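Predicted model only: the values in this text are computed from it and were never measured.
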Amino acid sequence: MTTPLAQAKAEYAERTDFWPAGLVMALETAAPRLGFVWVIECVEALVDLLQPENRDQLQQWIDQLEAFGGETEEAAEETVRQIWPPTHDPFRIALANLFAAAWKLSHDISGGAYRTLLINALRELGAMPGCRALGGAPIFDLFEQLEGRRR
């Protein structure tokens, strides 16, 4: 029987669109918000590793994620619009998805839409050339570490 991690690695190598879905489901089934924590850790690790030019701004948004969510839906949507990049930037797209997910969590909306936001964030991160060159190792390593911590 294939583990969710082995399945995700195979799907990632094959460039299957929804390769992170099984991992998100595994973590969210183990503990609510665990998938959210993992995706934030993935963003942080890849910002540190790949050193994008806008890393200071990215780190500010990462830091804001913990306190985000009590806003009205309109205010949350405005924040997501502000983060969403004018041109393709996987980090900003991932963070916009995380802010939307954070709002859903703060309003006890943790169903399919919430998990899809996490999956979309991971798909963006995993598609970056720097992450691809590493075979997705930072993402998969963090999953293993998080799984180990919850045991």
Side-chain angles (χ1 to χ4, degrees), residues 1-52 54-55 58-59 61-62 64-66 68-69 73 76-151:
M1 184 169 178
T2 305
T3 67
L5 183 58
Q7 181 69 32
K9 286 180 177 182
E11 290 177 359
Y12 182 78
E14 295 167 6
R15 297 182 184 256
T16 303
D17 278 341
F18 293 97
W19 62 267
L23 300 179
V24 168
M25 291 301 294
L27 291 176
E28 286 295 315
T29 299
R33 296 186 52 93
L34 200 53
F36 182 74
V37 169
W38 172 50
V39 180
I40 292 172
E41 289 181 6
C42 290
V43 173
E44 287 182 304
L46 288 166
V47 166
D48 288 345
L49 184 66
L50 301 178
Q51 297 287 305
N54 60 342
R55 66 181 170 263
L58 295 171
Q59 189 58 56
W61 283 323
I62 292 166
Q64 290 173 8
L65 269 170
E66 280 188 28
F68 189 78
E73 187 171 10
E77 287 173 354
E78 180 57 30
T79 300
V80 170
R81 274 194 292 280
Q82 289 172 2
I83 295 169
W84 197 270
T87 59
H88 191 260
D89 178 336
F91 282 115
R92 287 181 66 169
I93 293 170
L95 284 168
N97 277 284
L98 282 170
F99 272 86
W103 186 85
K104 288 189 179 301
L105 276 176
S106 71
H107 290 82
D108 293 323
I109 306 170
S110 60
Y114 158 74
R115 289 186 298 275
T116 298
L117 291 164
L118 299 182
I119 292 164
N120 288 341
L122 286 164
R123 289 174 60 210
E124 285 295 326
L125 296 172
M128 290 188 300
C131 190
R132 277 263 163 222
L134 298 169
I139 293 170
F140 298 126
D141 292 349
L142 285 167
F143 177 85
E144 285 183 302
Q145 289 171 21
L146 197 56
E147 247 196 341
R149 280 186 269 169
R150 69 178 181 91
R151 288 184 185 156

Rounded at 0.5 Å granularity, tell me how far [atom1] in [X] sits from [atom2] in [Y].
| X | Y | atom1 | atom2 | result |
| --- | --- | --- | --- | --- |
| Leu95 | Trp84 | CG | CH2 | 11.0 Å |
| Ile62 | Glu44 | CD1 | CD | 5.0 Å |
| Glu124 | His88 | CD | NE2 | 4.0 Å |
| Leu23 | Leu34 | CG | CG | 11.5 Å |
| Gln145 | Glu41 | CD | CD | 7.5 Å |

Partners meeting side-chain hydrogen bond (donor to acceptor under 3.5 Å, both in side chains) with [X] (sequence neighbours left out):
| X | answer |
| --- | --- |
| Asn54 | Asp89 |
| Gln51 | Arg55 |
| Arg92 | none |

Can you find a heavy atom in the side chain of Leu27 that is under 4.5 Å from one in the side chain of Leu118?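 No, every pair of side-chain atoms sits at 4.5 Å or beyond.
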
- prompt: Ile139 versus Leu46: any side-chain heavy-atom pair under 4.5 Å?
  reply: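 Answer yes - side chains close enough.
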
What's the shortest heavy-atom distance between [X] and [Y], and which atoms?
| X | Y | answer |
| --- | --- | --- |
| Val80 | Ala100 | CG2-N, 3.9 Å |
| Gly35 | Glu28 | N-OE2, 2.8 Å |
| Val43 | Ala94 | CG2-CB, 4.4 Å |
| Ala96 | Ile83 | N-CG2, 3.8 Å |
| Ala121 | Val39 | CB-CG1, 3.8 Å |
| Cys42 | Leu125 | CB-CD1, 4.0 Å |

**OP:** Please step through side-chain contact (heavy atoms from CB on, under 4.5 Å) for the pair Trp61 and Phe91, ending with a clear verdict.
**Re:** CA-CA 10 Å; Trp61 283 323; Phe91 282 115; over 6 Å; no

| message | Considering only residues two or more places apart or on different chains, which pairs with a residue in residues 23-51 satisfy ring pair (Phe, Tyr, Trp, His ring centres under 6.0 Å)? | response |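 Non-adjacent pairs meeting ring pair (Phe, Tyr, Trp, His ring centres under 6.0 Å): Trp38-Phe143.
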
Where the side chain of Thr29 meets the backbone of Ala26, is there a donor-acceptor pair that is under 3.5 Å apart?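 No: the side chain of Thr29 does not pair with the backbone of Ala26.
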
Between the side chain of Arg123 and the main-chain N/O of Asp17, is any donor-acceptor distance below 3.5 Å?
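Yes: the side chain of Arg123 pairs with the backbone of Asp17.
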
Worksheet item: Near Arg81 CZ, under 6.0 Å, is it more than 12 heavy atoms from other residues, nucleotides or ligands?
Response: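 Yes, enclosed.
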
Q: Output all residues satisfying salt bridge (charged side-chain N to carboxylate O under 4.0 Å, His left out) with Glu77, sequence neighbours left out; order by chain, then residue number.
A: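 Glu77 satisfies salt bridge (charged side-chain N to carboxylate O under 4.0 Å, His left out) with no other residue.
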
ask   = Is the distance between the ring centroids of Trp19 and Phe140 under 6.0 Å?
value =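 Yes, the ring of Trp19 comes within the 6.0 Å limit of the ring of Phe140, centre to centre.
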
Hey, can you pull the donor-acceptor pairs under 3.5 Å for the side chains in residues 5-14, sequence neighbours left out?
residue : atom : partner : partner atom : Å
Gln7    : NE2  : Glu11   : OE2          : 2.7
Tyr12   : OH   : Gly126  : O            : 2.6

